[in-house]
Structure formats: structure tokens, C-alpha cells
Amino acid sequence: MKIYNTMSRSKEEFVPIKPGKVKLYACGPTVYNYFHIGNARAFLFFDVVRRYFEFRGMEVTYVQNITDIDDKIIAQAIEEGIPFSEVAAKYTFAFLEDAKRLGLKAPHFQPRATGVMPEIIALIHALQKSGHAYEADGDVYFATASISQYGSLSGKKVEEQLAGARVAENTKKRNAADFTLWKRAKAGEPEWDSPWGKGRPGWHSECVVMSRQYLGETFDIHGGGVDLVFPHHENEQAQAYALTGKPLANYWMHNGFLNIEGEKMSKSLNNFFTAREILAEYDAEVIRFFFLSKHYRSPIDFNRELIAESARALKNFHAAFKSVDFLQVQDSPSIGGYESAEREFNEAMDDDFNTAKAIAVLFELAHQAKSAELPMPERIAAAHMLYHLGGALGFFQSLEEPAQDINHLTEDLINLIISYRVSARTEKNWALSDKIRDDLKALGVILSDTKEGCTWTVET
Ligand code: AMP
Ligand code: ZN
């Protein structure tokens, strides 16, 4: 299998660290607002990466973080007139709901930055002790000149970064390319105790901590949108090199942008549609098809005509299932005779996730399933293969049994709500902590605080 590695700027043979296992990390959302359909492209693509490896029989560990402390969250808290932790809680729930609606499989681990604060502080401290970071007036910076590899991921030379540096230079830095690891607290902002006084971490350390915690010192694949190559991923990789001399990940994968009228869809340009809005208009499966019909590294323009085309294509697939009464014949998974379709599909996907080519195989199968000229058992076999291969891309979830997954999500959501109550109690925000307990009770979820932590039961 070949993967385009941003690090080498070429397609490379994928060799996992441990045969048969894939350790995958993709940067998750910053929870200060509903996520937009451009973010959805990134989340959806890495969902497909995970699904395809699983489809090929690999054991995947997929970690996606949630950034729940950040300047933008603080700004939103001021705007909404609520504590920052409530902004983070509100949009974390919204993210999980929308991710579920989008048909994303829950990652194996979904840690939050505020949940690993001691580990982040320890990492920055280790960087400082080994001479890769320095303190200046309560802030801590990474010394980019202290490692030879800086710039290797993004291909940016340190001089270029200097040229691009802001005119109003931060005089506390030794080098314009140095980046912030820890920010000294400002009045009214959330803060944590640290060896450098009260403050909070910059964005780049949290992903190093959370990825290594679940996946090990060097793992297989690190992903995100192409806007993250520099500075975020360059700066993550820099910290790993400084700590161990080894890369953080062996393969760096980046999806292209969803554009709108030729420009990147982004919150700051205010040219976005939230995933929530779009999912009210179109089926999640249509959006999935729309994204996967193009190669993940190519930019895609948000285009309603193309979305309508995706809807038509999916109708065609569902018509194929209907034509053989698929739901009635599910118990006889005879997919023999179509092995060559599976081979072709795998070949496309093995070539750096060429989903567009893989979808062409699905079209051919749908055509065969509907073909009146073929004998029925053959058509049924084509429909089974269509279902089998489509599943590797996350299609046809409506034909699956939903019950189990929803139970899982409910449990995850309750545990998440409880973790926010724990944060509220740590902040001595008793009013919020009580409100969470009472609101859950009103829904029939009873919390009990024990020495071991908070447990819950559902009132019957
Ligand atoms: P953020 O919440 O801004 O950190 O973004 C979450 C993910 O969405 C990251 O992987 C970004 O690279 C990705 N992303 C942001 N905007 C777009 C876009 N317009 N198209 C594709 N991916 C994007
Ligand atoms: Zn990240």
C-alpha cells in the first residue's frame, strides 16, 4: 500500500511499526463553535482511513483529540458571557452529536487538552531542562535553533520563517521562528499552576502529549488538514525530535481544503456552512459521497450541483439494493464471483486512498446488481459485494442495525458530561456542578460521588 507522506513529499510504501497494527492520530476540533463542513472533510477522511485499514484486517488504534483550551474559546466565552469551560462543554457535545450524524465511527480515544494538563507541563519542563525551551517573563518558548530538523516537514527554511515573521516582533523570543509552549496568565483567563507561574499551554504541545500517551513515542500516521502542516505539525514534530531525536510519526497525511468560491472555507473568513446546517439539508451519506468522489489531497469546491449529483449516485446504489430485495437476502452473503471487483477496489485504495477510483468500482457493481440480463443469484452477489466494499468507505450505514452504536454513544456522552462536572468541581464552580447533577437527574441519570470517583445509574 502506498501513502503520500508530506514529510518526503512522495508516495511511499506503507510499512507499519508493528505488522498488522496501525497507530493513527488526527487532530480534532477546537471546540469554540459548531464545526463547519470544511472541518468535516478532515474528520470524514480520517474516518475512512481508519475504516479502510480495518477493512483490510489491520488492528487500528485511532486517537483524535479535542482542543478545549485556546484563545478562540476564551474569546467566545467573553462573547457569550459564560465561563470558558461551559463554551468547551457546549461545543464538545455539539461536535460529538454532529460527528455521529455525519456517520463517523467514534475514535478509540478522544482525549481533551484540559485532561492532560500535568503531562503537558511535564513535557514543556523536560524540553526546558534539556535546553530546547527557555522561559522569558512567565512565557516559555521552543528554541527552534536547538534542533537541526526544524522545517523538515513543511519544507520551510528558517530564513523564510524569519522573512514571514510579523513586523511587530516579539522581543522576548531569541529567534523569530521560536514558538510558544506556555503562556503567562492574563487577568480573567483560565490558568494552571506551573514551574513558570500561572498560565496555560500553547496549542502545539497538547497533540504531542495526547498522541504519545496512547500510541507511543513514534507512531505510524499523523493526520490533519493541509493548513496544519505549518506551523502546528512542524512544531509538534520539533518537540518530538527534541525529546527523543526521533520523529513523532512515520507518515504525515494531509487532506486538501474544502473551498468556497476559490477560498478556503474557514471560520475566520466567515464563509462557512456548519456541518449541522448542511446535514439538515442533505443526508450524511451524500456529503460523504461528495467528499470521497475527489482525491483527498485535491481541493474541492463547495458546489450544490456536485452535491446533487452525489445524491443521484447514491439513489442509484440504493435502487440497486432494492432491485434484489437486499434486506431480505442479507443472511446469504454470497459474494463469490466478484473477487475481481474487490481486487480493483483495493488496488485503488492502496494507491494513496484513491476513493474516486474505488467509487467507480461501486458504480459497476450497482449496474450489475440492477441488470435484468443477469441471473438473480449473480445480481444478489453483486449487491453483496457493493455493500461489503461500500462499507469500507462508510457508506450504507442505514442498512446496518443501529441499536448497539446508539447505546455506546449515550454512555460516552454521559461519561463526558461527568468529566465536565469533575472539571467544574476542580474549579470550585459548585453552581455548575450541581446544575449538571440536577439536569442529569431530571433525565433519569443518577450520579453518586464515591471515593473512587463519580458513578452513574439510570433510574428505571
Ligand atoms: P480546527 O478546528 O480549525 O483546528 O480544524 C479541524 C480540522 O479541520 C483540521 O484538521 C483542519 O486542518 C481541518 N480544516 C479546517 N478547514 C478546512 C477546510 N476548509 N477544508 C478541509 N479541512 C479543513
Ligand atoms: Zn494537533
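We count ligands from 1, going down the list as the structure has it; atoms in each ligand are counted the same way. It should be emphasised that the depicted structure is a prediction, and the values quoted were computed from it without experimental measurement.
Closest protein heavy atom to atom 20 (N) of ligand 1: L258 N, 2.7 Å. Among protein heavy atoms, atom 9 (C) of ligand 1 sits closest to L228 CD1, 3.7 Å. Nearest non-hydrogen protein atom to atom 10 (O) of ligand 1 is G225 N, 2.9 Å.
H232 contributes NE2 as its N, O or S atom closest to the Zn ion (ligand 2).
Using a 3.5 Å distance cut-off with no hydrogens or angles, the side chains of E236 and H222 do pair a donor with an acceptor.
For H254 and Y4, the distance between ring centers is not under 6.0 angstrom. For H318 and F396, the distance between ring centers is under 6.0 angstrom. Taking the six-membered ring for Trp and the full ring otherwise, Y141 and F179 have centroids separated by 6.0 Å or more. Between F35 and F43, a ring centre-to-centre spacing shorter than 6.0 Å is recorded.
Near T30, meaning under 4.0 Å from one of its heavy atoms, ligand 1 places the atoms 2 (O), 4 (O). Atoms of ligand 1 lying under 4.0 Å from at least one heavy atom of N255, given by number and element, are 21 (C), 22 (N). Listed by number with element, the atoms of ligand 1 under 4.0 Å from a non-hydrogen atom of K264 are 16 (N), 19 (N). Listed by number with element, the atoms of ligand 1 under 4.0 angstrom from any heavy atom of P29 are 2 (O). For ligand 1, the atoms lying closer than 4.0 Å to a non-hydrogen atom of G224 are 10 (O).
A heavy-atom distance below 4.5 Å is found between the side chains of F142 and I147. Counting heavy atoms from C-beta on, the side chains of F363 and N316 come closer than 4.5 Å. In this structure the side chain of F14 reaches within 4.5 angstrom of the side chain of D220, judged on heavy atoms. E364 has its side chain out of reach of V361: every pair of non-hydrogen atoms, C-beta onward, lies at least 4.5 Å apart.
Heavy atoms of H36 come nearer than 4.0 angstrom to ligand 1 in at least one pair. By the 4.0 Å heavy-atom criterion, S266 is excluded from the residues contacting ligand 1.
Checking only distances, M265 does come within under 3.5 Å of ligand 1, N or O to N or O. For the pair K72 and ligand 1, the shortest N or O to N or O distance does not fall below 3.5 Å. For ligand 1, none of its N or O atoms has an N or O atom of F257 under 3.5 Å away. Residue F43 has no nitrogen or oxygen atom sitting less than 3.5 Å from a nitrogen or oxygen atom of ligand 1, judged on distance alone. At a 3.5 angstrom cut-off on N or O pairs, A42 does not count as close to ligand 1.
Scanning all heavy atoms of the two residues, the minimum distance from G28 to Q64 falls at CA-CG, 3.6 Å.
The environment of E59 atom CD is sparse: at most 12 non-hydrogen atoms of other residues, nucleotides or ligands sit within 6.0 angstrom.
If you check each of N259, N33, D227, N39 against atom 12 (O) of ligand 1, the one with the closest non-hydrogen atom is D227. The closest heavy-atom contact to atom 17 (C) of ligand 1, among the options A40, G38, G256, comes from G38.
Using a cut-off of 2.8 Å, one finds that H233 contributes no N/O/S atom close to the Zn ion (ligand 2). For the Zn ion (ligand 2), the N/O/S atoms of C207 include one lying under 2.8 Å.
Here the side chain of S433 pairs no donor or acceptor atom with the backbone of N429 at under 3.5 angstrom.
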